[in-house]
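So the structure is just underneath, and the comments pick up after that.
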Amino acid sequence: MKSIISKIILGGFVVGAVGLSNAQKIDAKAKKILDDITTNYNSKKNTYFKFSFGSGVNGQVAKTEPGIYYSAGDKYKLKIMDTEQIFDGSKIYNINAEDMEVTIAKPNGSSTMFSPINYLSTYRNDYNVTYGGKKNVNGVNADFIKLTPVKANGLSYVYLFVDSAKKQMVKLEQHGSNKDVAVIAIKEYKENQNLDADMFVFDKNKYKNYVITEL
């Protein structure tokens with residue numbers, strides 16, 4: 001499980017953008033749903049998700065683990081098991097507690113972070129979007145939206161499940177062209193909390209015994 005998380009969360013959570021294509025198709029109903037959710041999230045001072053993260057191969061989830069995600073503007077903190085990722089608006093800090101390693105890098109200008117809500121913006125240029133009707137997800141009558149890459153980017157498709165009444169994401173499934181699968185199912189949602197001032201700050205002094213590599 002650790003190797004899967006390292007591959008998908010801290011490495012594979014950066015998904016290359018593919019650029020606008022004239023052949024891109026976006027269903028109007030799906031677009032409105034996604035735009036409504038985006039507007040809702042952007043209107044909040046900050047958001048918090050408690051979720052379960054599932055991953056596996058050959059399209060089948062092998063195991064799930066709990067995770068948490070905080071965001072405020074373009075900054076975020078993502079934590080699953082002994083791995084943590086912080087984006088302070090400038091650099092990405094990948095922290096592995098078990099291996100006592102930290103990797104620091106600047107995000108590529110043509111890429112986007114894989115987070116519970118990243119596809120709300122990247123769909124506009126990178127995916128064909130279709131509306132698939134209603135699906136029951138953990139008791140929620142959710143709208144099902146399928147994203148298919150306009151150009152090859154390592155993914156076969158992405159499934160989004162949305163609670164349109166609350167304008168919130170319920171579940172996200174990312175299916176790789178190599179048959180890897182990553183699933184985020186949101187269990188708890190909070191907004192406009194009083195967060196610590198250093199929530200999205202990487203303090204190097206806390207990791208003196210870690211191997212720190214800056215790319």
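Note that the coordinates shown come from a computational prediction; the quantities given were computed from them, not determined experimentally.
- Between Lys32 and Asp36, at least one side-chain nitrogen of the basic residue sits less than 4.0 Å from a carboxylate oxygen of the acidic one, meeting the salt-bridge criterion.
- Shortest non-hydrogen contact noted between Lys25 and Asn128 is N-OD1, 2.7 Å.
- One hydrophobic cluster, built from ILVMFWY side chains closer than 4.5 Å, holds both Ile80 and Ile186.
- Because its NZ or CZ atom is not both nearer than 6.0 Å to the ring centre of Phe200 and within 45° of the ring axis, Lys75 does not count as a cation-pi partner of that residue.
- You'll find the side chain of Tyr70 stays beyond 4.5 Å of the side chain of Tyr76, heavy atoms only.
- Aromatic rings from Tyr69 and Phe51 are positioned such that their centres are separated by 6.0 Å or more.
- Looking at Gln174 and Val181, their side chains never come closer than 4.5 Å, going by heavy atoms from C-beta outward.
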Between side-chain atoms of residues 187-198 and protein atoms elsewhere (two or more places apart, or another chain), which donor-acceptor pairs fall under 3.5 Å?
{"residue": "Glu188", "atom": "OE2", "partner": "Lys190", "partner atom": "NZ", "Å": "3.3"}
{"residue": "Tyr189", "atom": "OH", "partner": "Glu191", "partner atom": "OE1", "Å": "2.9"}
{"residue": "Glu191", "atom": "OE2", "partner": "Lys44", "partner atom": "NZ", "Å": "3.3"}
{"residue": "Asn192", "atom": "OD1", "partner": "Lys45", "partner atom": "N", "Å": "2.6"}

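- Going from atom CG of Asp27 over to atom CG of Leu34 covers 9.5 Å, rounded to the nearest 0.5 Å.
- Looking at Ser164 and Asp143, their side chains do bring a donor and an acceptor atom within 3.5 Å of each other.
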Test side chain to side chain contact (heavy atoms under 4.5 Å, CB included) on Asp82 and Asn96; report intermediate values, then the result. CA-CA 6 Å; Asp82 61 346; Asn96 188 310; 3.9 Å; yes

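- Within the 4.5 Å cutoff, the side chain of Thr83 has no heavy atoms near those of the Ile95 side chain.
- Side chain of Asp99 to backbone of Glu101: no donor-acceptor contact under 3.5 angstrom is found.
- Closest heavy-atom contact between Ala142 and Val137: CB-CG2, 4.2 Å.
- With a 4.5 Å cut-off on side-chain heavy atoms, Val129 and Lys31 do not count as touching.
- Looking at Ser52 and Thr64, their side chains never bring a donor and an acceptor atom within 3.5 Å of each other.
- The closest side-chain donor-acceptor pair between Gln85 and Asn94 falls under 3.5 angstrom.
- Looking only at distances, a side-chain donor or acceptor of Ser177 sits under 3.5 Å from a matching main-chain atom of Gly154.
- Using a 4.5 Å cut-off on side-chain heavy atoms (C-beta onward), Val211 and Val102 make no contact.
- Between Phe161 and Leu172 the shortest side-chain heavy-atom distance does not fall below 4.5 Å.
- You'll find the side chain of Leu215 reaches within 4.5 Å of the side chain of Thr103, heavy atoms only.
- Tyr127 contributes atom OH, which lies 12.0 Å from atom CD1 of Ile26 (distance to the nearest 0.5 angstrom).
- Residues Phe144 and Val162 have side chains not in contact (no heavy-atom distance under 4.5 Å, counting atoms from C-beta outward).
- Distance check: Tyr157 OH to Lys146 NZ gives 6.5 Å after rounding to the nearest 0.5 Å.
- Checked against the 6.0 Å centroid threshold, Phe202 and Tyr207 count as a close aromatic pair.
- Atom-to-atom distance recorded for Tyr41:OH and Asn46:CG is 13.0 Å, nearest 0.5 angstrom.
- No donor-acceptor pair under 3.5 Å is formed between the side chain of Lys63 and the backbone N or O of Ser55.
- Taken from CE in Met169 to CD1 in Ile37, the straight-line distance is 5.5 Å, to the nearest 0.5 Å.
- A pairwise comparison of heavy atoms in Thr47 and Ser71 identifies OG1-OG, 2.6 Å as the closest pair.
- In this structure, the side chain of Asp163 does not engage the main chain of Val170 through any donor-acceptor pair within 3.5 Å.
- Rounded to the nearest 0.5 Å, atoms OG1 (Thr213) and CD1 (Ile104) are 8.5 Å apart.
- Minimum interatomic distance between Ala97 and Tyr210 (heavy atoms only, all atoms of both residues): CA-OH, 3.5 Å.
- Smallest separation of non-hydrogen atoms from Asn40 and Gln168: ND2-CG, 4.4 Å.
- Annotation for Lys179: atom NZ does not count as buried by contact number, only 12 or fewer foreign heavy atoms lying within 6.0 Å.
- Listed for the Asp88 side chain is a donor-acceptor partner under 3.5 Å among the backbone atoms of Ser90.
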